[in-house]
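All values reported here derive from a predicted model rather than from experimental measurement. Just so you know, ligand 1 is whichever comes first in the structure, and atom 1 is the first atom listed for that ligand.
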Amino acid sequence: MLQKVLIANRGEIAVRIIRACRSLGIETVAVYSKADAESLHVQLADNAVCIGDAPAQKSYLNMENIISAAVNTGAEAIHPGFGFLSENATFAKLCESCGIVFVGPNAKTIEVMGDKAKAKQLMQDAGVPLVPGSEGEVSLEAGKKLLKSIGLPVLIKASAGGGGRGMRIVKEAEEFTRAYHAAKQEAKSAFGHDGVYIEKLIENPKHVEVQILADKYGHVIHLGERDCSIQRRNQKVIEEAPSRLDASMRNAMCEAAVKAAKHVNYENAGTVEFIVDEAGFYFIEMNTRIQVEHPVTEMITGIDIVREQLLIAGGVTLADEQSDVTFNGHAIEVRINAEDPKHGFRPSPGTVDFLHVPGGMSVRFDSALYTDYDIPPYYDSMVGKLIVHGRDREEAILRLQAALSELIISGVSLNQTFLMMIMKHPDYVDGNIDTGFIERHMRRLLEYET
Ligand code: ADP
C-alpha cells in the first residue's frame, strides 16, 4: 500500500487525486508552477513544491524538477493525472529508474499504445475489430494505392496524435497529396514525429469507450462503457454512461476491450476507445491513463477509479471480480470550459468573482475553482466538470439541466449556456447523437442571449 504520493498535475484532476489519496490515508505532495501558487490543489495537499515558471514546458512537463520534488519530499509514487506527462513513456521510464512508482501502466505499454499505428496492429493480432485502413504508417505512394482499395473518404491521422489534433479528412482523390503533406507537417510540429496512417472515415459514428481496470497479477475487468459522441473538433464535450448500444454489441465491445488489455499485459486503469456505426464497432486507440470523463462510470458503478489506480499501483489485488461489478442508472458529465462559444470558443481566462455550486441528490462538481480565484491563461480551458446521476437517462438530463441552471461562475465567459442548449435539444433528449451532432446543430446551439 502506498504511503505518500506526488501528483504531477494541476486543476480539478489534481484535486480529484488528492481526494482519492485522502480516502486511503495516503499523504499527498502537490507540485505547482509559479502561476499556480494560489491554486486549490496546492492548498489542499499535505506538501507543495514549486517546480518552475508558468509555461507547462518549464513546470508540469519538467521531468527533472518533478522527479526531484518526489525525491526531496520522500514521495514513493507519482500520479500523473491526464494530459501533461501522463502518457509520456520517457517519464514513466525515468520514474522506474529512480525507484518511484508511476501510477499507470509500465513504460513499455505506454510507448506501444502511444504509437497509434502500432497499437492498431497489436489489436489486430488480438482479434479486436479495427477501422479499415493502413497497416501501420504509410508513405505517400502506399497511401495513394490504399485509397483505391478502401475507398473515399479517408482520414489521415498522426501516429503520435492526441487531443483530437493531427487529423485530416480527404474526400476527393486529388486532395490526398496536399492533405498528406499537411498532416505530416502538423504532426511534426505538434508531436515531434511526422508518421501518419490512414483510416476509412466512418461518417458520423458514435464514440463509445470501455473502462478497464487491471492489477499486477493478470486480473482484468471492465467497468462498462461510456458514450462520448458529443464532440467539437474531435474533442469530447459531454459524456454519459451507459451508452444506448444494444446488449449484444455492448457485451462484445466490453469483451474485446478486456481481450485488448490482456493482450498487452495491461496494468492499472485504461480506456479502450471505439467508434461505432450500424455495421459494428472498431478500435481507434487505447488511452493509458485516467480519462477526464471517468466520473460517469464511477456514478453508475459506485467504484472510485482513482482509488483503484492507487491500490493497483501499491500492489493490491483487484477486489472485484467481473460479476461483482453492477451498473445502476444513468450518469452524464458536461465539461465546463472558460471559453466564449459566441466568439469561436476562444479561451477566456480571468478572475472568478463569485461561485455558487449546485447541490442536491446525485450532483457532483469536480473543479479547482473558488471565489476570487484567477484562472491563469497558460493551461487548458476546462475549469470544472458537472456530473449528475439519475435512475434513467431522462432523469439524468433533467437533473443536469437543473444543476447547470443553478451553477454560477461569474467574472469569466463560460460554455455553460451552450451546454444547456445541447441538453435541451430534442435530438439530444431523444438520444439521437453521434460525433457530428454539434457541428450539425451549431447555429441553433448558439442562439441564446448572453
Ligand atoms: P485523439 O487521440 O486525437 O483523441 P482518436 O483516434 O481518439 O484521436 O479520435 C478522436 C475522435 O476523432 C473520435 O472520437 C472520432 O470522433 C473521430 N475519429 C477518429 N477516427 C475516426 C474515423 N476513422 N472515422 C470517423 N471519425 C473518427
Open item on the list: Please identify which of these residues, Val237, Asn337, Ile336, meets the side chain to side chain contact (heavy atoms under 4.5 Å, CB included) condition with Met382.
Closed with: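 Going through the options one by one, the only one that passes is Asn337.
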
Task: Phe345 six-ring centre to Arg232 NZ/CZ under 6.0 Å and within 45° of normal - done: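 Yes - Arg232 lies over the ring of Phe345, closer than 6.0 Å to its centre and within 45° of its axis.
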
Heavy-atom nearest option to [atom], drawn from [options]:
atom                    : options                : answer
atom 22 (C) of ligand 1 : Ile275, Thr435, Asp277 : Ile275
atom 26 (N) of ligand 1 : Ala158, Pro205, Pro132 : Pro205
atom 25 (C) of ligand 1 : Asn204, Ile202, Ile169 : Ile202
atom 16 (O) of ligand 1 : Gln231, Glu87, Arg165  : Gln231

At what distance is the nearest protein heavy atom to [atom], and which residue and atom is it?
atom                    : value
atom 17 (C) of ligand 1 : Asn234 OD1, 3.5 Å
atom 3 (O) of ligand 1  : Gly164 N, 2.6 Å
atom 19 (C) of ligand 1 : Lys157 NZ, 3.3 Å
atom 14 (O) of ligand 1 : His207 ND1, 2.6 Å
atom 21 (C) of ligand 1 : Leu155 CD2, 3.3 Å

Taking 4.0 angstrom as the limit and counting only heavy atoms of [X], give me the atoms of ligand 1 inside it, by number and element.
X      : value
Glu285 : 1 (P), 2 (O), 4 (O), 5 (P), 7 (O), 8 (O)
Lys200 : 22 (C), 23 (N), 24 (N)
Glu273 : 7 (O)

Open item on the list: Check whether Asp194 reaches the backbone of Lys188 with its side chain - one donor and one acceptor, N or O, closer than 3.5 Å.
Closed with: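 The answer is no, because no donor-acceptor pair under 3.5 Å joins these two groups.
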
Task: Min N/O separation Met167 to ligand 1 under 3.5 Å - done: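 In this structure, Met167 places no N or O atom under 3.5 Å from an N or O of ligand 1.
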
